[in-house]
Asks: 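Quick one: this structure, given as C-alpha cells, is what I'll be asking you about.
Remember, predicted model here, so these are calculated numbers, not experimental data.
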Amino acid sequence: MRYVTQKGTKDILPSEIHNWQIAEQTFADVCHSFGYEEIRIPTFEQTDLFQRGVGDTTDVVTKEMYTFEDKGGRSITLRPEGTAGVVRSYIEKGMSSLPVPVRMFYNITAFRYEKMAKGRFREFHQFGLEAFGAKGPDIDAEIISVVDVFFRKMGLQNIALHINSIGCPNCRGEYTKLLKDYFRPHVASMCEDCQARFEKNPLRMIDCKVDGGKDIVKNAPRLIDYLCDDCKEHFEGLKARLEAIGISYTIDPNIVRGLDYYTRTVFEFVSENVGTQGTICGGGRYDGLVGTMEGPETPGIGFAMGVERLLLEAEAQGVLKEKPSYVKIYIASMSEAAKIEALKICYALRNAGIGCETDMAGRSFKAQMKYAGKQGIPYLAVIGDDELNSGEVKVKNMADGSETPVKLSGIGEFLAGN
RNA sequence: GUGGGAUUAGUUCAGUUGGUUAGAGCGCUAGUUUGUGGCACUAGAUAUCAUGGGUUCGAAUCCCAUAUCCCACCCCA
C-alpha cells in the first residue's frame with residue numbers, strides 16, 4: 001500500500017514554506033499595526049454552532065461540512081470558516097465588556113467537503129479578522145484597508161475591490177417582496193436552481209451564473225437601489241471613506257455572498273489569476289450574528305482571505321521570494337579528529353544563533369565540498385590536521401572565493417560581522 | 001453534483017500499427033590520483049507502467065470498472 005495525500009489536501013513542502021511564512025508574518029504585522037490581536041480558536045466546534053451561525057440553508061452547511069459523532073455521542077464539525085468560532089469565543093469569554101471595537105485576527109485551517117478545482121481545497125487556510133462593537137462605516141473602511149495594506153506589503157497589485165450593500169432585515173424584506181413580484185412571471189423559464197431560490201432565497205437569483213446573462217436578471221431591481229435610509233447612509237459613508245483614503249473600488253450589485261449572516265456592507269477582492277475561483281478575499285458586516293448566537297446585540301464585521309489563492313496570485317504576479325539559506329557556514333572535515341572539532345564548533349555556533357552544518361553522511365572531503373556548494377551555503381571552512389595544529393582556519397566566501405583566516409574559536413564572531 | 005482531459009523512476013516527460021531485458025532530462029550516490037564547491041565528463045541506484053478485471057500466443061499500449069489529479073460549470077476563501 002502506497003499512502004497518498006487525501007483528496008483536497010496538500011503537503012506544504014520545505015521548498016515552498018518560506019512564502020507561507022512571509023504571508024503569515026506580513027498579515028500579522030499589518031493587523032498589529034491596526035490594533036488587531038491574534039486569536040486561536042479550536043479546529044472543531046459543536047455542529048449546531050455552524051448551523052446557527054453560518055445559516056442552515058447555505059451550501060456550506062447543508063452539503064460541505066465535515067461532521068461526525070465523537071465517542072461521547074456529541075455531533076462535532078470541523079470548522080468550515082472562522083467567524084462562527086470567533087463569535088462563539090467573543091460571547092463565551094465575555095468580550096462584550098471590553099472597550100470597543102474588539103479587534104481580532106486569525107490564521108486558521110478550514111474544512112469543506114467540496115469538489116476540487118483550481119484554488120479550492122478540502123482542507124484550506126484562511127487569514128481573517130473580526131471587529132465587534134463598531135456600527136459606523138469607519139470600521140468597514142478600516143478592515144478593507146487592512147487588506148489593501150496587506151496586498152501592498154506582499155507586493156501584489158491590481159486586485160480589484162468590489163463592494164455592495166445587501167441592506168438590513170428591514171430593507172431586505174421589502175426588497176425580497178419586490179423581487180418576487182418581478183420574477184414571478186419569469187420563473188418557469190429559469191434554471192432549476194433559480195426556481196428553488198425563488199421560494200427559499202430570491203436574493204440569490206440575481207447572482208445566478210446560469211441565468212445571469214439573461215435580460216430578466218440583468219434588469220431585475222437591485223437591492224442597492226432600495227436600501228432604507230440608514231443603510232444608504234452607511235454605504236455612502238463607506239464610499240466616502242474609501243475615496244478619502246484613496247482605495248479604488250467598483251460597486252458590484254451582484255455580490256450577495258453565500259453565508260447567511262451578512263448585512264449591509266459586503267465586499268470581495270477579485271483577481272483574474274486564480275481561475276474561476278477569483279475571489280481571494282471576501283467579507284462583510286454581520287450586525288445580527290452575535291445576537292442570533294444569543295450574545296448581546298453587537299454589530300460585527302470581518303473578512304476571510306484564502307491563503308492558497310493568495311499565494312497563487314503571488315506566483316502569477318511573480319512576487320514569490322527565494323528560499324533563504326538558514327545555514328550560514330559549512331564546516332568540512334578531513335579526518336576523524338577534525339570531525340569531532342567540527343561538531344564542537346557547530347555546537348558553539350548554534351548556541352550563538354548561527355546556522356551551520358557539518359558532514360552527517362560520511363561523505364568524502366570532495367563530496368562535502370559539492371554538498372556545501374549545491375546547498376548554497378554562503379561560507380565554508382575546512383578543518384584538517386593543519387587547522388587542528390594551528391588553531392586557525394580559512395573561512396571561504398563561496399560567492400566570490402575569497403578566504404579570510406580566522407581563529408577556530410572566532411568563526412561566530414567573523415560571521416556575525418558579515 | 002454535471003461535463004472534458006490525464007495517470008509510466010523522487011520529479012518532469014518520451015514510449016511507433018499491441019512484439020524481446022520500459023527510456024531521457026533534472027535530482028540522488030560515487031568517481032575524474034587522496035586540502036577546496038557550483039560547470040563538465042564517467043559510472044551507478046531507483047519503475048508491481050494508478051488499482052482490479054477482461055481480450056490476446058503476447059498489453060505501458062486495446063476494452064470495462066474503480067481511485068486519484070487537472071480543466072470547465074455550481075458554490076465559496
Asks: Please state how far atom CG in Leu312(A) lies from atom C1' in rC71(B), giving the value in whole angstrom units.
Replies: 14 Å
Asks: Please give, in whole Å, the distance from rC75(B) P to Met116(A) CE?
Replies: 19 Å
Asks: Using a 4.0 Å heavy-atom cut-off across all strands, classify Ala304(A) as base, sugar-phosphate, or nothing.
Replies: sugar-phosphate
Asks: Roughly, in whole Å, what's the span from CD in Gln375(A) to C1' in rG38(B)?
Replies: 12 Å
Asks: Just the rounded figure in Å: distance from C1' of rC71(B) to NZ of Lys115(A).
Replies: 10 Å
Asks: Using atom P of each nucleotide, how far apart are rG3(B) and rU11(B) to the nearest Å?
Replies: 31 Å
Asks: With rounding to the closest Å, how many angstrom separate the P atoms on rC39(B) and rU16(B)?
Replies: 34 Å
Asks: Pick the P atom in rG52(B) and in rG31(B), then give their distance to the nearest Å.
Replies: 40 Å
Asks: Return whichever of Ser364(A) or Ala372(A) has its heavy-atom-nearest nucleotide of RNA chain B closer to the 5' end.
Replies: Ser364(A)
Asks: Among rU36(B), rC75(B), rG37(B), which nucleotide has an atom closest to any side-chain atom of Lys370(A)?
Replies: rG37(B)
Asks: Quickly, which of Asp140(A), Thr265(A), Thr263(A) forms a side chain to side chain donor-acceptor pair (under 3.5 Å) with Arg285(A)? Name it, please.
Replies: Asp140(A)
Asks: Let me spell it out: for each of Arg363(A) and Met398(A), pick the nucleotide of RNA chain B with the closest heavy atom. Which residue's pick is nearer the 5' end?
Replies: Arg363(A)
Asks: Please state whether the base of rG35(B) and the side chain of Gln368(A) form at least one donor-acceptor pair under 3.5 Å?
Replies: no
Asks: Roughly, in whole Å, what's the span from CZ in Arg120(A) to P in rC73(B)?
Replies: 10 Å
Asks: Report the nucleotide, chosen from rG37(B), rA30(B), rC75(B), that has the shortest atom-to-atom distance to any side-chain atom of Met369(A).
Replies: rG37(B)
Asks: Under the 3.5 angstrom rule, does the side chain of Arg88(A) hit a backbone N or O of Ile41(A) as a donor-acceptor pair?
Replies: no
Asks: Considering only the P atoms, how many Å lie between rU61(B) and rU7(B), rounded to the nearest integer?
Replies: 12 Å
Asks: When we call it a touch if two heavy atoms are under 4.0 Å apart, what does Phe121(A) touch: a base, just sugar-phosphate, or nothing?
Replies: base
Asks: Between rA45(B) and rC28(B), how far apart are the two C1' atoms, rounded to whole Å?
Replies: 8 Å
Asks: Under a 3.5 Å limit for both distances, which nucleotide forms a Watson-Crick or G-U wobble pair with rU48(B), could you say?
Replies: none
Asks: Base, sugar-phosphate alone, or nothing: which one does Glu268(A) contact when heavy atoms must sit under 4.0 Å apart?
Replies: nothing
Asks: Partner of rC41(B) by Watson-Crick or G-U wobble geometry, both contacts under 3.5 Å, or none?
Replies: rG31(B)
Asks: Do Ser75(A) and Gln51(A) make a side-chain contact, defined as non-hydrogen atoms from C-beta onward lying under 4.5 Å apart?
Replies: no
Asks: Taking only the P atom of each, what is the distance from rG15(B) to rG23(B) in whole angstrom?
Replies: 15 Å
Asks: Roughly how many Å is it from CG in Asp359(A) to P in rU36(B), rounded to a whole number?
Replies: 18 Å
Asks: Do Glu130(A) and Tyr36(A) pass the side-chain hydrogen bond (donor to acceptor under 3.5 Å, both in side chains) test, and can you show the C-alpha distance, the side-chain angles, and the key distance before you say yes or no?
Replies: CA-CA 9 Å; Glu130(A) 315 292 346; Tyr36(A) 289 75; over 6 Å; no
Asks: Name the nucleic acid region contacted by Ile377(A), choosing base, sugar-phosphate or nothing; use a 4.0 angstrom heavy-atom cut-off, strictly under.
Replies: nothing
Asks: Do other residues, nucleotides or ligands put more than 12 heavy atoms under 6.0 Å from the CZ atom of Arg350(A)?
Replies: yes
Asks: Taking rG54(B) as the reference, what is the distance to rA59(B) when you measure between their P atoms (whole Å, please)?
Replies: 12 Å
Asks: Quick test of your reading of the model: are Lys10(A) and Glu308(A) salt-bridged, counting only N-O distances below 4.0 Å?
Replies: no
Asks: What is the nucleic acid contact for Gly82(A), judged by heavy atoms within less than 4.0 Å: base, sugar-phosphate only, or nothing?
Replies: nothing
Asks: At under 4.0 Å between heavy atoms, what does Glu387(A) touch on the DNA or RNA strands: base, sugar-phosphate, or nothing?
Replies: base
Asks: Check whether any side-chain N or O of Arg309(A) sits under 3.5 Å from a backbone N or O of Thr279(A) as a donor-acceptor pair, and report yes or no.
Replies: yes
Asks: Quantified in whole Å, what is the C1' atom distance between nucleotide rA14(B) and nucleotide rC71(B)?
Replies: 24 Å
Asks: Could you identify the nucleotide paired to rC69(B), looking across every strand shown and requiring Watson-Crick or G-U wobble geometry with both distances under 3.5 Å?
Replies: rG5(B)
Asks: Nearest whole angstrom, please: distance from the C1' of rU66(B) to the NZ of Lys7(A).
Replies: 12 Å
Asks: Name the nucleic acid region contacted by Lys394(A), choosing base, sugar-phosphate or nothing; use a 4.0 angstrom heavy-atom cut-off, strictly under.
Replies: nothing
Asks: Scan every strand shown for a Watson-Crick or G-U wobble partner of rA24(B), both distances under 3.5 Å, and answer none if you come up empty.
Replies: rU12(B)
Asks: Looking at rG31(B), does its base get a donor-acceptor pair with the side chain of Lys366(A) below 3.5 Å?
Replies: no
Asks: Could you tell me which nucleotide pairs with rU36(B) by Watson-Crick or G-U wobble geometry, both distances under 3.5 Å, or answer none if nothing does?
Replies: none
Asks: For the pair made of CD in Gln6(A) and P in rU68(B), what is the distance, rounded to whole Å?
Replies: 8 Å
Asks: For the side chain to side chain contact (heavy atoms under 4.5 Å, CB included) test, which of Asn107(A), Asp29(A), Val307(A) pairs with Glu24(A)?
Replies: Asn107(A)
Asks: Does Lys374(A) reach a base, just sugar-phosphate, or nothing at all? Heavy atoms under 4.0 Å.
Replies: sugar-phosphate
Asks: Taking any heavy-atom pair under 4.0 Å as a contact, classify Lys63(A): base, sugar-phosphate, or nothing.
Replies: nothing
